[in-house]
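What you see is a predicted model, and the numbers here were worked out from it, not measured in a lab. We name chains A, B, ... by the order of the sequence lines, and we start the count at 1 in each one.
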Amino acid sequence: MNTSLIINAENIAYKVNDFKLFHNLSFTVEKGEALHVQGANGSGKSTLLRIILGITNQTKGKIEINSEKGISYLGHKNALKNYLSLEDNILLMELDDHLDLLKYIDLLGLKKLLEVNVANLSYGQQKKLALLRLFLNESDLIVLDEPFVGLDDNTQEILSNFLKDQLNKNKGIIYTSHISCSLESKILLLK
Amino acid sequence: MIKKFIHQFASPKTYLFQVNRFYPYIFYISLIIYTFSLIWGLLFTPQDFVQGNSFRIIYLHVPASFLSQSLYVAMAFASITYLVWRVKLAAYLIIAIAPVGAMTTFVALISGSLWGIPTWGTWWQWDARITSTLILFIMYLGLISLHNSFSNYEKADKLLSWLVIVGAVNIPIIKKSVDWWSTLHQSASITLTDKPSIDPSMFYPLIGSIIGFFGLIICLVLISSKHQILIREKTKSWIKDYV
Amino acid sequence: MFSFAFNSFEEAIYMNGHGIYVWIVFSIVISCLAAFFISYKNKIQKIKKKLNESN
Amino acid sequence: MKILRLEYLKLRKKTRSWLGPILVFWLIMLAYPLTVEFLQDKLEIGFFSVLWIAILISMMLATEDIFIEDYNDGSLEQIMIKNSSFQFLVSMRIVIYWLMIGVPISGLSFFFSLGTTEEIFLSLSIFPLALISSYIFLNLFVLGNALSLNKGSLLGALVTMPLALPVLIVLGKSVISIQLGINFLEFILLLLGCLSIIMIIVPVIVSYIIKAHLE
């Protein structure tokens, strides 16, 4: 296998009951490359991402993921516990002893909120907290499902800068987004 | 090797064609055997010495209670086949057997309970066998409702087969524990298990009714699995040719 | 072995008072079997009809 | 044991989840004497049946939200991606639930038993029985809840009930053998044997079931 490939998908297909979402889908993601998955609602974008994450199995075809340091994922669901404070959530994400933690908390403007319960935060603030998981993870593949939704302009820019930086570090990115971003990427259109 | 073998011979298509070929023979032969044995048993065997005429329920009850457990065992085998080799046909069979098994268990319960009125003087006795049959019935209901609550068939199949396997492990435990528990109570004066050596004129129709009922239940399983295949494979091209 | 166990047809129905249980069980068993056979046949017919229409 | 600490942190902050079952248990045990004419021997007849069923029901309540929360907020997906052992997580979570709910309930069982029967030895033997049975019930309801994950606890209870009945039978037997002075240690050994099998099997099956749910 070509070692510069992070994802190599050949002819993958997925169907639920009798409903075919997509079939004969082939694509690759190389190191330092971003893939933007586009398509209408219900065209199977999220399912494709779940297949890449290894949560869902494809019905047909072969997909190889070459990520030694794991995958990081940010989806519609933030995986936060809303009855816990921000601090406790960071503990749960096991990021509490990370070197860059304070830097990113400062950057995202979460410092004043550390004692607050997640339930009392706005959606955007919750999403920022979820972004910490992404920022502090050293994986070779980043999978994002609508990462820009709910974020203010400033944070959107922080996120795209982070992603560009990751591309320069030879990581792979695959994402879906209805909000246009400045990330240079290949396009995969699902019909 | 095994996987390839199973996949070749367990394709829904081959299965459906074989079913259609053999179904009428099985159906009519077992119908004839069952009718004949029931008439023989219900009308022609001599009265039982102890129980009088109520013993004739045996010809209706025993086949059902015998099959209620066998069907569960069949489901357990199908579940293992599905989980290990991912044979789709096995998954269809599990959910095809479940309602038939529930019906058989229901029949066994009702007939046992009605049999109890003239023999024990009560319609419900917390007898070991009845209790474990009741639990079996609850298990069947659980299986059916679990499968019905998921719209994604594949997910439903997987969960169902796990539950069937857990239940299959549980069945002997339940039987053992219930047997053990019921020894606390005074044992029923007439149990279904140890009969005095049965007269051949009562025995042959019993065997006949078991075989006939077995055949009819097999037929039910066959058509309910056919129903499953038609539902689940309706987009396949061979189905269109078939219909 | 094959002699009619009862003296008359009425007696066969009555069975010394046990007839009611025997025949209730009999009708339950037969109707359950019949109901399952008929309902599956109907369901299969319905699906086949639908598939034929869509072809 | 970081994972134990984190699970503890989560359950501790969900007061409703751990205090609720204990309160329900307490309520059932307090309500029981009120339904019986107040005569000591009449109270004792049904006491243990109510005790075991109260433990069963409180364990059912305890497990109600054991996975659904993680399923709804997407934590399960993050766990799967991380490739950390699901089985281990499930068994650790059960341990924490048992420590926070099962152990207090077993303690309460001791006191209620002592209050009702006024026999110290009997009540002391009830304590380990309650400890073991609460752990078994937790495992069984976890299995049922995993199966019916987002389909409501009614389905879970229906699925779990046949699994729990043999345990109830053994519990009833052991109380009688304690009361009659027969060797009851073998019952505890039997329950421990069941427990050791269940402890290993349930997390494995649950992890498969949850993976099937996420698909």
Side-chain angles (χ1 to χ4, degrees), chain A residues 14-17 46-47 49-59 65 67-97 117-119 123 126-127 129-130 132-134 137-146, chain D residues 1-21 62 64-90 92-93 95-97 100-101 146 149-151 206-215:
Chain A
Y14 184 79
K15 63 173 189 175
V16 190
N17 298 345
S46 295
T47 311
L49 295 190
R50 289 170 74 88
I51 290 174
I52 289 164
L53 293 170
I55 295 172
T56 306
N57 287 327
Q58 68 273 26
T59 329
I65 310 281
S67 62
E68 283 153 13
K69 291 185 202 153
I71 307 172
S72 51
Y73 170 62
L74 177 67
H76 295 284
K77 295 173 179 174
N78 292 329
L80 299 174
K81 300 289 167 205
N82 57 13
Y83 50 85
L84 294 180
S85 66
L86 256 71
E87 219 171 358
D88 289 341
N89 266 296
I90 291 169
L91 202 64
L92 274 189
M93 293 189 234
E94 301 186 37
L95 302 173
D96 48 311
D97 43 12
N117 267 15
V118 169
Y123 178 76
Q126 292 184 12
K127 191 110 184 183
L129 182 55
L132 270 184
R133 183 185 279 119
L134 184 68
N137 222 324
E138 277 135 31
S139 49
D140 339 302
L141 178 60
I142 297 170
V143 180
L144 305 165
D145 200 354
E146 298 290 347
Chain D
M1 296 304 262
K2 194 168 185 188
I3 194 161
L4 267 178
R5 221 180 65 222
L6 295 179
E7 289 298 323
Y8 169 69
L9 171 73
K10 275 193 279 182
L11 185 57
R12 185 170 53 97
K13 292 280 169 104
K14 280 193 291 181
T15 318
R16 188 171 41 112
S17 292
W18 61 269
L19 195 57
E64 212 172 37
D65 61 347
I66 193 162
F67 296 124
I68 185 71
E69 167 200 309
D70 283 355
Y71 178 79
N72 285 338
D73 68 16
S75 301
L76 287 178
E77 279 141 1
Q78 294 291 349
I79 295 166
M80 264 194 85
I81 295 161
K82 251 200 255 163
N83 267 333
S84 48
S85 162
F86 228 138
Q87 283 108 292
F88 185 63
L89 176 82
V90 172
M92 286 305 114
R93 185 169 291 183
V95 167
I96 288 294
Y97 269 67
M100 294 275 286
I101 304 166
L149 189 60
N150 52 349
K151 302 294 172 186
V206 164
S207 66
Y208 279 116
I209 290 171
I210 288 180
K211 278 174 194 163
H213 268 291
L214 288 174
E215 262 189 26

- request: Name the region of Asn78(A), side chain, backbone, both or neither, that has any atom closer than 4.5 Å to a heavy atom of chain D.
  value: backbone
Indicate yes or no: does [X] engage [Y] in a salt bridge with an N to O separation below 4.0 Å.
X        : Y        : answer
Glu69(D) : Lys10(D) : no
Arg12(D) : Asp88(A) : no
Asp65(D) : Lys14(D) : yes

query: With chain D, which of Ile71(A), Leu92(A), Leu53(A) has the greatest number of heavy-atom pairs at distances under 4.5 Å?
result: Leu92(A)
message: Which atoms of Glu77(D) are under 4.5 Å from chain A, going by heavy atoms: the side chain, the backbone, both sets, or neither?
response: both
message: For Asp70(D), which atoms come within 4.5 Å of any heavy atom of chain A: side chain, backbone, both, or neither?
response: both
message: Tell me whether Asn117(A) contacts the main-chain N or O of Ala119(A) through its side chain, where contact means a donor paired with an acceptor under 3.5 Å.
response: no
